K.L.:
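Just dropping this structure here.
Values below: every heavy atom of this structure, side chains too, minus hydrogens, waters and symmetry copies. Below, chain A is the first sequence line, B the second, and so on; all start at residue 1. On a predicted model such as this, the values are computed, not experimentally measured, just so you know.
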Protein chains: 2
Amino acid sequence: MAELVIDRKKQIRQAAQNMFRSKGYGASSMRDLAKEVGIEAASLYNHVSNKEEILKDICFQIADEFFESIKDIEQTKGKAKQKLEKAIENHVMVIAKNIDASSVFFHEWKHLSEPDLTEFKQLRKQYEKSFLSLIEEGITQKQFRDANVKIAVFTIFSALNATYDLYKPNGKLTAKTIAKELSNIIINGLK
Amino acid sequence: MAELVIDRKKQIRQAAQNMFRSKGYGASSMRDLAKEVGIEAASLYNHVSNKEEILKDICFQIADEFFESIKDIEQTKGKAKQKLEKAIENHVMVIAKNIDASSVFFHEWKHLSEPDLTEFKQLRKQYEKSFLSLIEEGITQKQFRDANVKIAVFTIFSALNATYDLYKPNGKLTAKTIAKELSNIIINGLK
DNA sequence: CCTACCGATCGGTAGG
DNA sequence: CCTACCGATCGGTAGG
């Protein structure tokens with residue numbers, strides 16, 4: 001019994017990720033979502049308390065995964081360049097493993113309401129700060145040129161976030177290939 | 001009289017750009033839009049035939065501006081590197097002059113219905129092709145390393161498209177500064 | 001440009 | 001998990 005409920009929730013979650021990504025949160029109705037899952041709209045509410053909760057779960061779970069992916073890097077001793085390379089690779093991997101969900105994370109978070117909205121923005125800022133620090137470290141260590149750090153961070157993230165458009169699970173480009181080429185372009189771009 | 005109508009239409013267009021950007025197309029109602037303009041919802045239909053027409057106008061006008069911005073470059077003789085630099089700068093300038101509209105162009109086009117949707121995608125592909133050619137030209141001319149062209153193009157566009165998040169009309173960063181630093185990172189990244 | 005209104009659809013609940 | 005339903009809001013129209 002318990003397993004069936006859990007499976008249903010996963011099923012709802014997956015259908016929602018896919019629908020939010022392709023149609024956007026606002027244009028995705030609970031009725032369409034229910035149809036995708038194969039139940040009635042009212043039955044969704046046995047598994048989620050409302051529509052926004054689904055969005056919230058997606059956004060914050062991906063945020064968790066991003067944080068998890070750089071947890072070890074910050075403590076490592078080593079050159080900023082290598083650390084940034086590793087951080088980029090890990091970031092791309094998180095996206096590749098969660099293509100639909102990460103697309104929602106990047107574009108649909110603005111439909112969160114308070115206080116989640118503010119918390120989400122803070123988490124994102126905090127995560128970006130790790131990359132900012134790595135770049136500053138790299139400039140201090142003379143591995144990078146004296147670039148505008150703010151622009152550099154924005155460039156990195158927007159480039160990385162193209163991954164979910166570039167990576168197709170059954171396509172020719174592997175996540176590793178994308179990660180390598182992306183970090184290549186970025187690291188060289190900062191030299 | 002005619003001027004009043006034109007002004008009203010511009011006013012609607014501007015309010016729509018702003019609202020579509022901040023709330024998304026689906027979450028923007030004609031009633032909210034009317035309130036922003038200071039008229040009743042029904043009165044909007046004296047200036048636009050429906051909601052989607054507003055979106056369509058925004059998307060295709062920005063597409064026009066992007067094409068216009070590279071029109072001269074393709075015919076110029078010169079090094080691919082310089083041409084790409086110029087194309088990047090022009091692209092950033094278009095975004096900077098149309099921050100709200102270009103944000104809508106990048107994120108809300110998916111709410112267009114056929115046949116506009118297909119036409120829009122084709123236009124975008126065609127525009128991207130110009131950049132792809134410039135990169136290939138640069139590789140042939142040995143100004144760029146033998147990068148994965150597809151990934152490179154994606155990286156360029158996603159980096160460039162961060163401009164509308166980075167550029168604030170009254171902020172410290174000028175469009176020129178952003179354009180220069182961005183083309184710096186990208187051009188170096190391809191070496 | 002407005003008042004008055006339409007049919008459709010929305011997120012969500014009651015009650016079983 | 002379903003049927004039946006709620007109040008609210010949607011895009012859009014008629015008619016002036």
K.L.:
Between B:H107 and A:F106, is the ring centre distance below 6.0 Å?
P.N.:
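No, the ring of B:H107 stays outside the 6.0 Å limit from the ring of A:F106, centre to centre.
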K.L.:
Report the relative orientation of the aromatic rings in B:F60 and B:F120; use parallel for angles under 30°, tilted for 30 to 60°, perpendicular for over 60°.
P.N.:
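Because their plane-to-plane angle is over 60°, the rings of B:F60 and B:F120 count as perpendicular.
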K.L.:
With under 30° as parallel and over 60° as perpendicular, where do the rings of A:H91 and A:F66 fit, or are they tilted in between?
P.N.:
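The rings of A:H91 and A:F66 lie parallel, inter-plane angle below 30°.
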K.L.:
Quick one: what's the B/S/- string for nucleotides 3-16 of chain C, heavy-atom cutoff under 4.0 Å, read 5' to 3'?
P.N.:
BB-----BBBB---
K.L.:
Note every stem involving DNA chain C: at least three consecutive Watson-Crick or G-U wobble pairs, i with j then i+1 with j-1, with both distances under 3.5 Å.
P.N.:
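As far as DNA chain C goes, consecutive pairing (with distances under 3.5 Å) yields the stems C:1-16 with D:1-16.
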K.L.:
Is it true that the side chains of B:N18 and B:D100 contain a donor and an acceptor less than 3.5 Å apart?
P.N.:
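Yes, a side-chain donor-acceptor pair sits under 3.5 Å.
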K.L.:
Starting at CZ of A:R8 and ending at P of D:dC2, how long is that distance when rounded to a whole Å?
P.N.:
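The answer, rounded to whole Å, is 8 Å.
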K.L.:
Under 3.5 Å, is there a donor-acceptor pair linking the side chains of B:S130 and B:S133?
P.N.:
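Side-chain D/A pair, B:S130 to B:S133: absent.
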K.L.:
How about A:E114 and A:T118: does a side-chain donor come under 3.5 Å of a side-chain acceptor?
P.N.:
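Side chains of A:E114 and A:T118: pair found under 3.5 Å.
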K.L.:
Using the ring of A:Y25 (Phe, Tyr or Trp, six-membered ring only), decide whether A:K51 places NZ or CZ under 6.0 Å from its centre and within 45 degrees of its axis.
P.N.:
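Yes, cation above the ring, under 6.0 Å and within 45°.
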K.L.:
Between the side chains of A:Q61 and A:E65, does any donor sit under 3.5 Å from an acceptor?
P.N.:
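There is such a pair between these side chains.
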